[in-house]
Amino acid sequence: MSTRYNARTVEPKWQKIWEERGDFLTRDLAGGSGKPKYYVLEMFPYPSGRIHMGHVRNYTIGDAIARFRRARGYNVLHPMGWDAFGMPAENAAMEKSVHPKGWTYSNIAAMRTQLKSIGLAIDWSREFATCDPEYYGQEQALFLDLLEAGIVTRRKSMVNWDPVDNTVLANEQVIDGCGWRSGAPVERRELTQWFLKISDFADDLLDGLETLTRWPEKVRLMQKNWIGRSEGARVFFPIEGMRGEADNRLEVFTTRPDTLFGASFCAVSPHHPLAQALAKDNPALHDFIRKCDRIGTSEEAIETAEKMGFDTGLTARHPFIEGKTLPVYVANFVLMEYGTGAIFACPAHDQRDFDFAKKYGLPIIPVVTPKDRAEDPAWGAALIAGTEAFTGDGVAVNSEFLNGLDVTAAKRAAIGKLEALGLGEGTINYRLRDWGISRQRYWGCPIPVIHCEACGTVPVPRAQLPVVLPDDVTFDQPGNPLDRHPTWKNVACPECGSPARRETDTFDTFVDSSWYFARFTAPAATTPTDKEAADRWLPVDQYIGGVEHAILHLLYARFFTRAMHRTGHLSVDEPFAGLFTQGMVNHETYRDEDGRWVPPEEVVIETVDGKRVAKHAGTGAPIRIGSIEKMSKSKKNTIDPEDIIAKYGADTARWFMLSDSPPDRDVQWSDQGAEGAWRFTQRLWRMVSGARGQLAPGGAAMPAAFGEEAMALRRAAHQALAAAGDDFDNLRFNRAVARVYELANAIAGFAPANPEGDDAKWALREALETIVQIVGPMMPHLAEECWETLGHETPLTATEWPVADKALLVEDSVTIAVQVNGKRRDELTIARDADRETVERAALALDKVEKAIDGKPVRKIIVVPGKIVNIVA
RNA sequence: GCGGACGUGGUGAAAUGGUAGACACAAGGGACUUAAAAUCCCUUUCGGGUAACCGAGUGUGGGUUCGAGUCCCACCGUCCGCACCA
């Protein structure tokens, strides 16, 4: 028997056995398997060509869950696919002259091989890529259903425009306001685009969050804030000084109608119709708007840009104060997409308004004060002189009929008055905007619509689906190849037959990922879903992915599920019953003396005088050890999982990923950590393979009695089993790993009085089998090899999770801490079921306790059974 | 700018409001070995003390509580998202 565990031969061996046995193919008989279903899904990867450590972490977590649930008797669905459309394929096409299709599919092939080498318990028979016409054709069919259901609309919206490359840029392609390739300042342009009406579902998406009890609280909160339901008012400000129409009024949305008496100006977005109309014969305003348009379209860019305003010369009449008018500005910080694209500003009680007022010398009128400062004129003066607006709760002042009311009551009163005057109304506004899904790109799902001059926009007839992407395209110039393709877009109108034009925009790739989890339940169906299969499997019981998807992807998927429910494809509203967001994988960074990043494999680290010192492996030049950061190509601090798997095996990588760091927190990859994980694989193997002669035969009857050491080992095994099962249930793999170490230490330290006794041999077998079974979901190859070595013919993968003996989980006596005045002074070992009085007496009898009490009268004794005694003296 | 999270030894961390530092990594010492690797054993929060022991300690400052790493308030720092990256 070899004492060394060789992952290189063992891992492929078991992968082959699992595949041949079909262990991970989901039994999906229509009649049901008799087992409860469990659908575990990790966010599917973008096929960049190589897996990275983040993938290893994500898929290891999901795999451990899948294997654990399978062992616990669930019928598990654990599929895999590819989020295969998107910009990187087009960038590769431009840079390397490869076709996006060939590039993507060869990447998928490479990554599939890599993923398989991790030993994932995946049903590969369900695999698909979103760029398969079989998939995106069904997506087009879905879109037509949504169109019919009134969930789709078409309207104008802004894009980033690169005036040199003549192409639309993604936000990430805009760097400091300039195009990433051309370097030219980006402009905003208006295009007519397709939208999904997610905002119609705003309330439903908000309410649904309450039901997602197995989602992280932070994600639910982020979504809630993103949807941003706010109650407020529309206020109509009559406009003066506008030529022409007499009934001109500016409609603003505000969440603070209670501060109307503190209004000092109104402001509209540069894209507000009023601003656009005025700009037509006001060149200065036109220039100002163009200046605003040089900021990108992202909210971040707009909100961090310096606040700029342009006085239109118009004035708005105050709804409450007779004769008072407010100047109307065009301001770059007002978003056209939020509310009505126009605001009234109360600088005293809104920070942005405050900053703007200070910059342009506009009045600051405090109208809300903290409750105890209402009579204090100095408070208002300090506010005006200071740098910060007061946005807290308080009472209204200087506000006529609102005076003395708190914020909530004042809002209500102000709305009532507005409604009575016909100058406004209470309303609910959402921050959530409709989802623009048009992309002016080739490598995406074609939008199945035809534009006809006579008939308008006409859906592609279903019989003609899928609208397949043409292969003969070139990427030698920027812009959308579909648009300049010589023939593809020319079609006959399905309605009138006259020459028409295909829509050349493609879908946002978020559309692809908004329903793939449903498609996995019946990946070959000739309709988007097989409803029966979808109903059987959905919702996903456990979804796992990075926090970076907390809002967009997860919100879109929730919306899409509702839309698919409404169009008859699904019966559920929520796609993911359980969500887990795992942390990132980080690594130290290294730089040479010239500040260039150096990859870890070129760095040698030594310890000199207790300090870690790095030098270059080749040249010996000194290297500076930098901060720990998310693995990224730009900082060269990546570790290739393939190298790790080749060196140590997949189980070591998996074990490392699950050890130490809680899965929802970032983990730092380190060579020492990997070495440590690898050493444990060897240790476990030695433990199992070296124990042969000291084990009871497999299946031997349990002895009637156990010696003290054997009993202690049994306790350790059952306690570890129960705790690890609990940890797996709660995805606390790092704690499960600690249980395994504890049990391993107990086994290693097992020194029975009579090692040849049946009880010792039986207990040792039990402990070894238990540790192997706990390890199974985490290091499946090693566990299988150990399981086989222990004499089992059925693979561990097909073996049920053992049940812990409850009688072995509790100890007879407990150690409890004894505090005096909240300070720990001693501890006490006492019978588990000792009553309160016994515990108190024992605690008071301790020398150290007596010393600490120091003769003072005992006022109170708190006894928490099994935990602590606190004596208050 | 807005929204969200996180912060505990040299390091990763553990701890239903109840003994802070389980478990591991690193480091130091020792055993085994001709030697090395591997393995095994011991020490390891900080300060004082040979020791028993004493004092301090969970980013900072307050608060609630018999008792706070955990709950509340303010601040500091780091990270994530911001609608066309996936």
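Values below: every heavy atom of this structure, side chains too, minus hydrogens, waters and symmetry copies. Every chain is numbered from 1 and lettered A, B, ... according to where its sequence line falls, protein lines coming before strand lines.
When the shell of 6.0 Å around NZ of A/Lys867 is examined, it contains 12 or fewer heavy atoms from other residues, nucleotides or ligands.
A donor-acceptor contact under 3.5 Å links the side chain of A/Gln193 to the base of B/rC84. Between the side chain of A/Glu299 and the base of B/rC82 there is no donor-acceptor pair of N/O atoms closer than 3.5 Å. A donor and an acceptor atom sit less than 3.5 Å apart, one in the side chain of A/Asp660 and one in the base of B/rG12.
Residue A/Ser438 is in base contact, counting any heavy-atom pair closer than 4.0 Å across all strands shown. Within 4.0 Å (heavy atoms only), A/Pro662 reaches sugar-phosphate atoms of the nucleic acid but no base atom. Contact annotation for A/Phe510: base contact, defined as any heavy-atom pair under 4.0 Å involving a base atom. Across all strands shown, A/Glu742 has heavy atoms under 4.0 Å from sugar-phosphate atoms exclusively, and none from any base. The residue A/Arg825 sits close only to the backbone: its heavy atoms come under 4.0 Å of sugar-phosphate atoms, none of a base. A/Val872 comes within 4.0 angstrom of sugar-phosphate atoms only, judged by non-hydrogen atoms across all strands, and of no base. Residue A/Leu432 is classed as a base contact, given a heavy-atom separation below 4.0 Å to a base. No contact: A/Val740 has no heavy atom under 4.0 Å from any strand. When heavy atoms are screened at a 4.0 angstrom cut-off, A/Val737 is found touching no nucleic acid atom at all. A/Asp666 comes within 4.0 angstrom of sugar-phosphate atoms only, judged by non-hydrogen atoms across all strands, and of no base. Here A/Thr815 lies in heavy-atom contact (under 4.0 Å) with a base. Backbone-only engagement by A/Gly436 is indicated by non-hydrogen atom pairs under 4.0 Å involving sugar-phosphate atoms exclusively. Among the protein residues, A/His549 comes within range of the nucleic acid bases, having at least one heavy atom under 4.0 Å from a base atom.
OP1 or OP2 of B/rA13 lies within a sub-4.0 Å distance of a side-chain N or O belonging to A/Ser661. Under 4.0 angstrom from either OP1 or OP2 of B/rA24 there lies at least one side-chain N or O belonging to A/Asn745. Residue A/Asn171 places at least one side-chain N or O closer than 4.0 Å to OP1 or OP2 of B/rA83. Remark: A/Arg679 is in phosphate contact with B/rC25, judged by side-chain N or O atoms under 4.0 Å from OP1 or OP2. Considering only side-chain N and O atoms, A/Lys848 lies under 4.0 angstrom from the phosphate OP1 or OP2 of B/rC53. Phosphate contact (OP1/OP2 of B/rC82, side-chain N/O of A/Ser298, threshold under 4.0 Å): absent. Residue A/Lys218 has no polar side-chain atom (N or O) positioned under 4.0 Å from OP1 or OP2 of B/rC79. Between A/Asn870 and B/rG67 there is no side-chain polar atom (N or O) within less than 4.0 angstrom of OP1 or OP2. Considering only side-chain N and O atoms, A/Asn734 lies under 4.0 angstrom from the phosphate OP1 or OP2 of B/rA14. The shortest distance between the side-chain N/O atoms of A/Arg439 and the OP1/OP2 oxygens of B/rC84 is below 4.0 Å.
Using atom P as the reference point in both B/rG29 and B/rG17, the two lie 43 Å apart (nearest Å). Here the separation of B/rU8 from B/rU60, taken at their P atoms, is 10 Å to the nearest Å. If you take atom C1' in B/rA13 and the same atom in B/rU65, they sit 28 Å apart, rounded to whole Å. Rounded to whole Å, the P atom of B/rA24 lies 41 Å from the corresponding atom of B/rC75.
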Walk me through it: do A/Lys848 and A/Glu827 pass the test salt bridge (Lys or Arg N to Asp or Glu O under 4.0 Å)?
CA-CA 10 Å; A/Lys848 287 177 189 167; A/Glu827 59 185 30; over 6 Å; no
Output, in order, the C-alpha distance, side-chain angles, deciding distance and verdict of side-chain contact (heavy atoms from CB on, under 4.5 Å) for A/Trp103 and A/Asn107.
CA-CA 6 Å; A/Trp103 184 82; A/Asn107 283 350; 3.3 Å; yes
Assess whether side-chain hydrogen bond (donor to acceptor under 3.5 Å, both in side chains) is satisfied between A/Thr104 and A/Trp82, documenting all intermediate values.
CA-CA 10 Å; A/Thr104 301; A/Trp82 310 95; over 6 Å; no
Evaluation steps, side-chain contact (heavy atoms from CB on, under 4.5 Å), between A/Ser513 and A/Phe44:
CA-CA 8 Å; A/Ser513 57; A/Phe44 65 167; 3.7 Å; yes
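Both A/Ala738 and A/Tyr46 sit near RNA chain B, but only A/Ala738 has its closest nucleotide nearer the 5' end. Projected onto RNA chain B by closest heavy-atom contact, A/Gln440 and A/Met222 fall at different nucleotides, the more 5' of which corresponds to A/Met222.
Base pairing of B/rA5: its partner is B/rU78, meeting the Watson-Crick or G-U wobble criterion (both donor-acceptor distances under 3.5 Å). Remark: B/rU33 base-pairs with no nucleotide; criterion is Watson-Crick or G-U wobble with both hydrogen-bond distances under 3.5 Å. Nucleotide B/rA52 forms a pair with no other nucleotide shown, judged by Watson-Crick or G-U wobble geometry with both contacts under 3.5 Å. Across all strands shown, B/rU65 has no partner, as no Watson-Crick or G-U wobble contact with both distances under 3.5 Å is found. The pairing partner recorded for B/rU43 is B/rA27, the criterion being a Watson-Crick or G-U wobble arrangement whose two distances lie under 3.5 angstrom.
In the set B/rA14, B/rG18, B/rA24, the nucleotide with an atom closest to the side chain of A/Arg665 is B/rA14. If you check B/rC82, B/rA20, B/rC79 against the side chain of A/Arg824, the one that comes closest is B/rA20. Residue A/Asn160 places its side chain closer to B/rC84 than to any other of B/rU19, B/rA24, B/rC84. For A/Leu221, the listed nucleotide lying nearest its side chain is B/rG4; candidates were B/rG4, B/rU19, B/rC84. Closest approach to the A/Lys867 side chain among B/rG1, B/rU16, B/rC40 is made by B/rU16 (side chain taken as heavy atoms from C-beta onward). For A/Asp83, counting side-chain heavy atoms from C-beta on, the closest listed nucleotide (B/rA86, B/rA5, B/rG1) is B/rA86.
As a whole-Å value, the separation of A/Asn332 CG from B/rC2 C1' is 15 Å. For the pair A/Met657 CE and B/rA13 P, the interatomic distance rounds to 13 Å; values are reported in whole Å. The separation between A/Glu187 atom CD and B/rC84 atom P is 20 Å, rounded to whole Å. What separates CH2 of A/Trp215 from C1' of B/rA5 is a distance of 17 Å, to the nearest Å. Protein atom CD1 of A/Ile871 is 14 Å distant from nucleotide atom C1' of B/rU19, rounded to whole Å. For the pair A/Arg4 CZ and B/rA38 C1', the computed distance is 7 Å after rounding to whole Å.
Taking the six-membered ring for Trp, A/Phe728 and A/Phe733 have ring centres closer than 6.0 Å. In this structure, the ring of A/Phe195 has its center no less than 6.0 angstrom from the ring center of A/Trp435.
For A/Asn332 (side chain) and A/Glu306 (main-chain N/O), a donor-acceptor pair under 3.5 Å exists by modelled atom type.
With a glycosidic angle more than 90° from 0, B/rG29 adopts the anti conformation.
Taking the ring centre of A/Trp685 as origin, the terminal cationic atom of A/Arg4 falls outside the region bounded by 6.0 Å and 45° from the ring axis.
Minimum interatomic distance between A/Tyr59 and A/Met43 (heavy atoms only, all atoms of both residues): OH-O, 2.8 Å.
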